[in-house]
Amino acid sequence: MEFGLSEEQTLLQDSVKRFLAEQYPLDKVREFATNDDDGAIVRNGLAAMGITALMIDEDHGGVGLGLLDAALIAEALGHGTAPMPFVASVVMVPQALMLGGSSEQQDRWLPKLAAGEITAGAAISELTGARGDTGVTATNGRLSGRAMFVLDFEADIYLVADTNGALHIVDADAQGLSGKGFNTVDCTRKLGELSFDNVPAEALSCTAQQVATVLNSGRVILAADSLGAAQNMLDQSVAYALQREQFNRVIASFQAVKHMCAEMAAELEPCRAMIWYAGHTADAESNANNNSNNGEAQQYALHTKAHLSEVCQFVARTATEVHGGMGFTDLVGLHYWFKRIGANRQLLGSPERLRDDAARALGMVN
Amino acid sequence: MDLSYGAEYEEFRAEVAEFLAKHKDTAPKNPELRSVEAISWQKTLIEAGYFARTTPAEYGGHGGKPDILKSRIIAEEFARTRTHPGMGGQGISMLVPTLLESGTQAQKEQFIQPTLHGEMLWCQGYSEPGAGSDLAALRTAAVLDGDEWVVNGQKIWTSTAQLADWIFCLVRTEPDAPKHQGISFLLFSMDTPGIEIRPLVDMTGKANFNEVFFTDVRVPKNQIVGARGEGWKVANTILKHERGSLADPNAMQHRLNGLVELLETETVDGTRVIDIPSFRDRLMRITGRVMAAKCNDLRLLSNSINKTGGSPLAAMVTKLQGTELRHELEALAVDAMGEIGLAYGDNEHLRGGGSWQTQYMYFLGLIIGGGTSQIQKNIISERGLGMPREPKVVAATKQGAA
Ligand SMILES: Cc1cc2nc3c(=O)[nH]c(=O)nc-3n(C[C@H](O)[C@H](O)[C@H](O)COP(=O)(O)OP(=O)(O)OC[C@H]3O[C@@H](n4cnc5c(N)ncnc54)[C@H](O)[C@@H]3O)c2cc1C
């Protein structure tokens with residue numbers, strides 16, 4: 001029995017962390033947030049490292065790794081508040097294409113995604129709760145309606161869910177498609193909305209279960225992103241507490257401050273193992289080609305996203321408190337992580353929603 | 001228990017209501033600082049006795065007898081009709097009471113009236129980079145040179161310094177005295193040469209507060225409030241007012257009403273959020289906490305009317321409880337909106353002008369500002385529950401990593 005990461009996995013994660021630490025310091029995060037930088041240095045650099053090819057099979061120019069590996073990268077991206085199109089572009093859309101795309105569709109899109117030549121967004125938020133009157137309907141291969149909260153916005157192609165839960169691929173240049181940014185409190189990634197006016201689309205033939213798998217992958221990735229962000233906030237808190245002095249002593253010597261940090265660590269540390277297992281069980285299920293699906297991966301994805309949303313929100317608030325007034329300013333930039341964690345919480349299902357889904361999946365709700 | 005205010009007070013309430021009806025259309029909604037509109041509304045309110053009610057008329061107040069119930073009725077009626085209750089700000093809420101308590105006759109005459117009228121805006125220069133929770137460690141120095149104090153040093157987190165005409169400032173004048181006894185309370189114009197203001201952007205994206213640098217700022221000797229070395233005492237007489245005002249239960253109720261409306265109008269998959277049991281339960285929990293806070297506030301009100309002075313704990317917990325409760329109330333609104341709760345800045349989908357997300361963050365700031373939650377807990381346990389203070393450390397020790 002060995003519950004842990006392989007040497008390769010640790011090396012891969014470390015290399016992304018190192019890259020971001022060197023190439024994407026806080027002033028770059030700020031420039032991206034104010035639209036003074038387009039994040040190309042991160043996109044291109046990580047593509048060159050093969051990150052965009054991560055989950056795509058070798059036949060289509062990828063490296064064929066699994067959700068666990070992707071979650072480790074997501075953790076590094078959250079740690080560095082990286083503006084990398086990832087949850088949709090590297091994980092959900094390639095996975096949807098591999099599960100439900102025709103070989104022609106796979107040949108057309110996967111190699112380009114793997115090489116980082118194009119990016120893909122996901123307009124699927126309505127599957128986890130449509131707000132107001134949003135929703136996209138499909139008739140005869142054409143889409144109409146509106147999708148909000150499009151992940152990895154400003155992409156070349158979009159994965160779109162219709163109101164029946166079927167998936168489609170739409171070219172960003174397709175006639176009748178218009179989009180605009182959806183400004184959020186989290187300025188470290190792009191979100192948008194799309195309007196469809198009789199837009200030509202290509203259907204993917206994913207089963208309902210495969211659609212759920214894609215959604216759940218996205219959830220594990222967002223949870224891992226929050227884990228990285230929260231770990232960074234905890235690390236910054238401990239470092240700050242060790243050098244900030246009040247009442248003639250470092251504030252880390254106050255039991256109140258120690259306990260804040262210890263509680264953050266106590267809540268966060270089990271989350272790391274939970275992410276690993278959520279990734280691992282999803283990979284095991286997909287390797288078994290869905291024959292041995294006992295719903296465990298589903299339960300883990302839902303609970304991992306719900307639980308990490310709660311824990312990381314607690315960490316985000318507590319880490320800010322450890323920093324005193326400094327935590328509330330832009331000076332140390334702690335708020336970028338705070339807001340990223342806040343965004344991950346709301347995307348692809350709130351904790352309440354996901355816990356309810358988990359109960360329903362177990363047949364607890366009539 | 002007798003919760004009626006009595007006939008005399010119901011008559012007073014009717015008077016206030018009449019005034020409000022009369023000014024329904026003329027009262028400014030959101031007047032700009034220093035605008036003619038703002039200043040004239042201040043004067044109208046003072047004259048009617050609905051602002052600066054108990055401040056003596058010779059200093060520009062209304063000169064009424066203190067009557068806590070009347071003050072409460074005024075606050076209630078203005079809130080009920082959503083009428084602008086007059087200006088806030090640290091000059092009015094903190095400096096005026098300080099001057100009334102500790103100022104000289106000349107200071108009261110010079111400063112109180114223009115402050116109440118909204119013509120003179122103030123900022124509070126207390127915190128420094130090295131003196132936050134440990135405020136008494138402040139180092140900004142003032143040295144007497146002839147008839148003037150010469151001020152050198154730096155303040156931080158100074159709210160509204162960029163707008164203020166004057167600053168009330170804690171400075172060290174007796175470097176050799178024990179730290180609490182070496183501080184003095186000075187007033188000076190922000191136009192005095194030698195002052196530099198650098199705005200600080202906070203997590204809401206706005207520059208609400210600032211760093212303020214003093215280089216040989218010369219302040220007339222008589223612009224000290226209280227005696228030399230008494231500044232800590234002067235400041236502390238009103239710090240408790242600040243803490244109370246950060247956790248106003250009426251403001252909480254107002255936000256709670258808005259929250260209920262929000263949950264009744266937002267929908268997910270066509271279902272109103274309020275019909276989702278988990279969210280409804282969270283709403284009801286917050287509601288219960290707000291009700292407790294309001295009852296606690298009534299108890300404090302009753303204590304101060306009847307001068308019983310009891311229940312010090314009830315007063316000590318309000319800042320801690322109130323700011324944390326507000327933060328969680330705003331958090332529920334953000335959660336209830338799902339992804340729409342993330343909308344910020346330029347976004348047509350904002351609800352309530354984006355105030356939920358802003359206040360969610362701002363109240364985290366207030367959990368920290370005005371004495372952090374941890375400091376509040378120290379106060380509650382030590383002064384409220386009689387537990388011993390942590391042993392004092394005399395010299396700086398940087399041995400945390402060991
Ligand atoms: C929104 C906002 C507005 C403000 N406006 C003003 C203003 O207008 N004028 C002004 O002068 N100041 C203002 N402040 C400053 C505010 O009063 C200080 O930020 C606050 O007192 C905390 O000090 P600090 O930031 O130095 O944090 P620190 O004192 O460095 O605290 C850091 C951490 O250490 C903890 N800590 C420190 N000492 C102890 C202890 N003894 N026991 C346990 N834990 C401890 C704190 O709780 C905190 O978690 C404002 C602050 C905010 C956030």
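Scope of the values below: all heavy atoms of this structure, side chains included, with no hydrogens, waters or symmetry mates. Letters A, B, ... mirror the listed sequences (proteins, then strands); counts begin at 1.
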### Message
Using the rule given for salt bridge (charged side-chain N to carboxylate O under 4.0 Å, His left out), can you reason through B/Asp134 versus A/Arg249, listing the C-alpha separation, both sets of side-chain angles and the distance that settles it, and then say yes or no?
### Response
CA-CA 11 Å; B/Asp134 186 11; A/Arg249 49 201 266 198; over 6 Å; no
Given heavy-atom pairs under 4.5 angstrom as the criterion, report whether the side chain, backbone, both or neither of [X] touches chain B.
X	value
A/Ser350	side chain
A/Ile251	neither
A/Phe149	side chain
A/Met326	both
A/Tyr336	neither
A/Arg355	neither
A/Asp186	neither
A/Glu126	backbone

Considering all heavy atoms of both residues, which atom of [X] and which atom of [Y] are nearest to each other, and what is their separation?
X	Y	answer
B/Pro129	A/Arg244	O-NH1, 2.5 Å
B/Ser373	A/Glu321	CB-OE1, 3.9 Å
B/Asn347	A/Asn183	ND2-O, 2.8 Å
A/Lys339	B/Met203	NZ-O, 2.6 Å
B/Ser133	A/Phe247	O-CZ, 3.5 Å
B/Glu339	A/Ser125	OE2-CB, 3.9 Å

### Message
What verdict does the salt bridge (charged side-chain N to carboxylate O under 4.0 Å, His left out) test give for A/Arg345 and B/Asp335, after you've listed the backbone C-alpha separation in whole Å, the side-chain angles of each residue and the deciding distance to 0.1 Å?
### Response
CA-CA 9 Å; A/Arg345 177 185 175 91; B/Asp335 280 355; 2.7 Å; yes
### Query
Contact part of B/Ala136 toward chain A, heavy-atom cut-off under 4.5 Å: side chain, backbone, both or neither?
neither
### Task
Examine whether an atom of B/Val273 lies under 4.5 Å from a heavy atom of chain A, and if so say whether it belongs to the side chain, the backbone or both; otherwise answer neither.
side chain
### Query
What orientation do A/Phe328 and B/Phe209 show, parallel under 30°, tilted 30 to 60°, or perpendicular over 60°?
perpendicular
